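These notes concern the structure reproduced below.
Just so we're clear, the structure is a prediction, and the values are computed from it rather than from any experiment. Quick note: numbers below take in every heavy atom, side chains included, and nothing from hydrogens, waters or symmetry partners.
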Amino acid sequence: MKFGERFERESVPQWSLYNIDYNALKHHIKVHTTKDQATTAITIPGRGNAALNKFEDGFYDELCRQHDRVDLFVSSKADEIARRLQHVSGLIHRLILRCATSSSTDRMPLKRRQRFARYERMVLQCGHDIKLLQRFVGAQVVAFRKILKKYRKWTGSSALGSRFRENVLSDPKSFTKRDFSQLQSQHHDLLQTLRGSLPANLSVSGGNGGVDMVEDGYQPTPRSGARSSRPGVTFANPDPQPAPGYWNEYDHGSEAGDVERGGDDYVIYIDPDADDSFPGVKTLSAIFINPVRRLQRLIRGGHAPESDDLATPDNERTGLLSNQSINPSPYGTQEGLDSVNSPPPGSRGSDDSRSPTALGTDTDTDTDLDLDDDHDHDVTRGYGSGSDDHLTYITPGYPSSYYSAGGAGYDRYYGPHSDQRAVALFRDRVLFWATWGCFAVAFVLAGIAAVLIKTGKHKMRVEVDAGVILNTWFPHVQHPIIFSAPMLGVANGTLAAEVSKAGGIGVVPGGYNFLPTSPQLTTLNAELTNARSLLFPSQTSTTTTTPESPPQQQHPLPTLPVAVGFILCHPSFASHFLTTALPLLRHHRPRGVWLFAPRPDDEISSSSDHEGETLLARVIRTLREEGFVVMQQVGTVAAARRAAQAGAEVLVVQGVDAGGHQFAGGAGVVSLVPEVGDMVAREFPGVVVVAAGGIVDGRGVVAGLGLGAEGVVMGTRFIASNEASTPDFSKKLILEASDGGPSTVKTSVLDDIKGTTIWPTIYDGRALVGKSWQDHAAGMPLEENIRLFKEAAAAGDVSRTITWAGTGVGLVREVKPAGEIVKEVREDAIRRIRELQATLTL
């Protein structure tokens, strides 16, 4: 037999669709070679055969396509088997864990044993598929080898074979080099785990669990004295294995004397396909399913399916003298009588003469089968002629036409009359159209509801207390929600932890330098570790983490109820954020990430390797996929829209009253927060709005909530806190300042004096009016001002130090612990809200 004819059998028949096209490839070679199929055409010396070279290149490409197609199937099938094994492993381990918690494993419930049997069969099927896949791969390798051999034989060229073997078949990624030992080991370990978890006297299945290891009748016969090397084919062991003994209550019961078995073990067979559903469930389901089937039958104009579980009108019309359903042969015909009166072959009374005695009585007891012996004298018996050879038993009171070959039979006299059928048909039609009418009304009502939901969606979203959303992200918070700003050089892990412990949301500054050698990332690691030690003293991590060596921890730490703030305008953000800052975040697991000041190009232009997605959007998507709540600080409505489009979940709307860096062309919180809130409710329902800028006490919190914010951010107030890293002289300046308008200045000149060059022109900052600004306002050249600033810093003179602060600085009067500040401001806000409520009720 030629290989092309037996190729499908030597492969896996049910996967034959994925075999290489062996016969087509062989035919393709034939039609492009010489007639004798042995030699090539004569070529001019020194010049190659151009036609052969062209055909060889095309044939090589076709072989590569065939290889890639088979490789795709093998990879997909192997991955499928791996996923199945992983799924079954999870089921088995959960079942074993449940068994371990039970009091006795020797008396395992039936349902649990059936579940073990099903899982074993699933594992065995996976092992069977692994063998089939090995057999499939082996067949494809042989087919490729034979095709290359045919090509070399018919063209005389061995270049194609060498080229294909070297470039394709020898590739470690080719399916011909695939190793299935890992799948086999996983299957073997899983099977051993399953069988080892059962008590010694229980067996979930016998043999191979119902899995046929010989596919589609393919049983190759090995040569005598030789073992088959074909992958996936296993020959039966000629030595018969003893059949396992199964327990039964008669032979192995307590009275059967099990001790006399001589130590022989027995097993209990569990049928994995047994119906273990609750009794009566099928009947209840049939009550609901049968009306649907009848409706389908009415629509088709046919009869009920023969598989109905409950009785139908057709079943009710079965002849009383027969236990069979109605068939095309009318009752009383010769065929019908044979089926009713003929006793089973080989039974007593089976006689060809069909005598009345044989039909009506038992020869041993002489007892009538159809009538009681006590009433024999009251009943007249007779026999009607159905044929010359058979007698028909006639019951008195029925006309002879009932039993005749052309009679209507039982259905004529006891079936529904025509008027009854008309009523039943009318009732069915009414029910049918009523059902369809109910469906139509339901669809109309569903459409109306969808329209109402669609039109009222935005309004309902605005009316929902969005503070609930923040509660789902930060379950520890208390309302009104207060954030601490991520002020670089002022805030730290201790301050953030104390704010969170008091029911607020503390934010740790992460800086702007994301290079692997960044000291800011090293400081961030230390501050987050410190925050964890304050929030979870018993779960402090001792792992040392640096940007150059991200932590590798087997058990992740619990989530920190704080956030981390980053400034994005440094050039290292685009190239290093996901490789340096993200590993730190993965390790410490802060709940949120606060982003501010992306460069315009990162916010608008698409990234080079992600067409259609900006760099900022890609970073936000990655952070959200990691489970972080992403917040972005904005200062205009346009910036808020871009942030929401990029995927930010919280918008920190910062007004120009805020201290520190902000949008140069922003607006105050009184007008900015409501406008951003309206835009979000209209275009991005679900995004949370938080107010920031000039808020230092409970009155500012109430104002922010009244503007539509769901929380507020305070920065300047926390500068004067015990935990802040602010120098004492800066705290003294904050406490002494008053009249926040003229005592602060909003400008970008202070960054020029300080030498901070990372900020784009769209940002500036607000700080206390100091000597550097006063000299600039008096007309001092910038270069001279920079020189004096550096000399003062070198000499320890703090008179020219720049202190960032907002216009609310005049309301800060004393230094307090951060947690006490949060509680005091929250209580003040609640008191003022209640006062307003009392005023409105008057």
> Passes salt bridge (Lys or Arg N to Asp or Glu O under 4.0 Å), Arg831 versus Glu827? Steps please.
Replying inline: CA-CA 6 Å; Arg831 178 177 59 82; Glu827 293 172 358; over 6 Å; no

> For Arg589 and Phe628, what are the C-alpha separation, side-chain angles and deciding distance, and is it a side chain to side chain contact (heavy atoms under 4.5 Å, CB included)?
Replying inline: CA-CA 8 Å; Arg589 305 303 302 171; Phe628 302 109; 3.7 Å; yes

>> Show, in sequence, the C-alpha distance, side-chain angles and deciding distance for Leu735 and Val815, and conclude whether the side chain to side chain contact (heavy atoms under 4.5 Å, CB included) test is met.
In response: CA-CA 8 Å; Leu735 296 178; Val815 177; 3.9 Å; yes

> Which is it for His661 and Asp764 under the side chain to side chain contact (heavy atoms under 4.5 Å, CB included) test, yes or no, and what are the steps along the way?
Replying inline: CA-CA 5 Å; His661 289 86; Asp764 61 8; over 6 Å; no

> How far apart are the C-alpha atoms of Lys771 and Asp775, what are their side-chain angles, what is the distance that settles it, and do they pass the salt bridge (Lys or Arg N to Asp or Glu O under 4.0 Å) test?
Replying inline: CA-CA 6 Å; Lys771 201 156 172 104; Asp775 290 343; 5.5 Å; no

>> Under the criterion side chain to side chain contact (heavy atoms under 4.5 Å, CB included), I'd like the reasoning laid out for Val490 against Trp804: C-alpha separation, chi angles, the key distance, then a yes or no.
In response: CA-CA 10 Å; Val490 175; Trp804 305 103; over 6 Å; no

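One finds a salt bridge joining Arg832 and Asp828 here, because a Lys/Arg side-chain nitrogen approaches an Asp/Glu carboxylate oxygen to under 4.0 Å. Ionic pairing of Arg699 and Asp697 is present here: one or more N-O contacts between side-chain nitrogen and carboxylate oxygen are shorter than 4.0 angstrom. Using a cutoff of 4.0 Å between basic side-chain nitrogens and carboxylate oxygens, Glu498 and Lys501 are scored as salt-bridged. Between Arg621 and Glu625, at least one side-chain nitrogen of the basic residue sits less than 4.0 Å from a carboxylate oxygen of the acidic one, meeting the salt-bridge criterion.
Between the side chain of Arg618 and the backbone N or O of Glu613, no donor-acceptor pair lies under 3.5 Å. The backbone N or O of Gly627 lies less than 3.5 Å from a partner atom in the side chain of Arg591, making a donor-acceptor pair. For the pair Lys746 (side chain) and Ala664 (backbone), a donor-acceptor distance under 3.5 Å is present. A donor-acceptor pair under 3.5 Å is formed between the side chain of Thr580 and the backbone N or O of His576. Put simply, the side chain of Asp657 never gets that close to the backbone of Gly693: no donor and acceptor are under 3.5 Å apart. Remark: the backbone N or O of Val656 is paired with a side-chain donor or acceptor of Arg766 at under 3.5 angstrom. Within the 3.5 Å criterion, the main-chain N or O of Val630 finds a donor-acceptor partner in the side chain of Glu649. Side-chain atoms of Ser500 do not come within 3.5 Å of backbone N or O of Ala497 as any donor-acceptor pair. With hydrogens and angles ignored, the 3.5 Å screen pairs a side-chain donor or acceptor of Asn492 with a backbone N or O of Glu723. Between the side chain of His570 and the main chain of Ser572, a donor-acceptor pair closer than 3.5 Å is present.
Around atom OH of Tyr763, more than 12 heavy atoms belonging to other residues, nucleotides or ligands sit under 6.0 Å away. More than 12 heavy atoms of other shown residues, nucleotides or ligands fall within 6.0 angstrom of atom CG in Asp739. Within a 6.0 Å radius of CD in Glu675, no more than 12 heavy atoms belonging to other residues, nucleotides or ligands are found.
Rounding to the nearest 0.5 angstrom, the gap separating the CG atom in Leu672 from the OG1 atom in Thr636 is 7.5 Å. Distance check: Leu495 CG to Phe718 CZ gives 6.5 Å after rounding to the nearest 0.5 Å. Between the CG atom of Leu560 and the NE2 atom of His588 there is a distance of 8.5 Å, given to the nearest 0.5 Å. Within the model, atoms CZ of Arg800 and NZ of Lys754 stand 14.5 Å from one another, a figure rounded to the nearest 0.5 Å. Atoms OG and CG, on Ser772 and Leu750 in that order, are 7.5 Å from each other to the nearest 0.5 Å. Between the CE atom of Met631 and the CH2 atom of Trp594 there is a distance of 7.5 Å, given to the nearest 0.5 Å.
Counting only heavy atoms from C-beta outward, the side chains of Ile481 and Phe474 never approach each other to under 4.5 Å. Put simply, the side chain of Leu788 reaches to within 4.5 Å of the side chain of Met780, judged on heavy atoms. The shortest distance between side-chain heavy atoms of Ser743 and Val769 does not fall below 4.5 Å. Side-chain contact check for Leu616 versus Leu595: some heavy-atom pair is nearer than 4.5 Å. No side-chain heavy atom of Leu811 sits less than 4.5 Å from a side-chain heavy atom of Arg717. Counting heavy atoms from C-beta outward, Gln520 and Phe514 have side chains that stay 4.5 Å or more apart. A 4.5 Å side-chain heavy-atom check between Val507 and Val713 finds every atom pair outside the cut-off. Inter-residue side-chain proximity for Ser721 and Ile821 is flagged as met; some heavy-atom pair is nearer than 4.5 Å.
Among all heavy-atom pairs drawn from Val669 and Leu707, the shortest one is O-CD1, 3.4 Å. The minimum heavy-atom distance linking Leu582 with Thr622 is given by the pair CD2-CG2, 3.8 Å. When every heavy atom of Cys569 is checked against every heavy atom of Arg599, the shortest pair comes out as O-CD, 3.6 Å. Ala829 and Val702 make their closest contact through O-CG2, 3.6 Å (heavy atoms, listed as atom of the first residue, atom of the second, distance). Among all heavy-atom pairs drawn from Gly711 and Val690, the shortest one is O-CG1, 3.3 Å. A pairwise comparison of heavy atoms in Trp759 and Ala597 identifies CZ3-CB, 3.6 Å as the closest pair.
Between Phe577 and Phe566, the ring-plane angle classifies as perpendicular under the 30° and 60° cut-offs.
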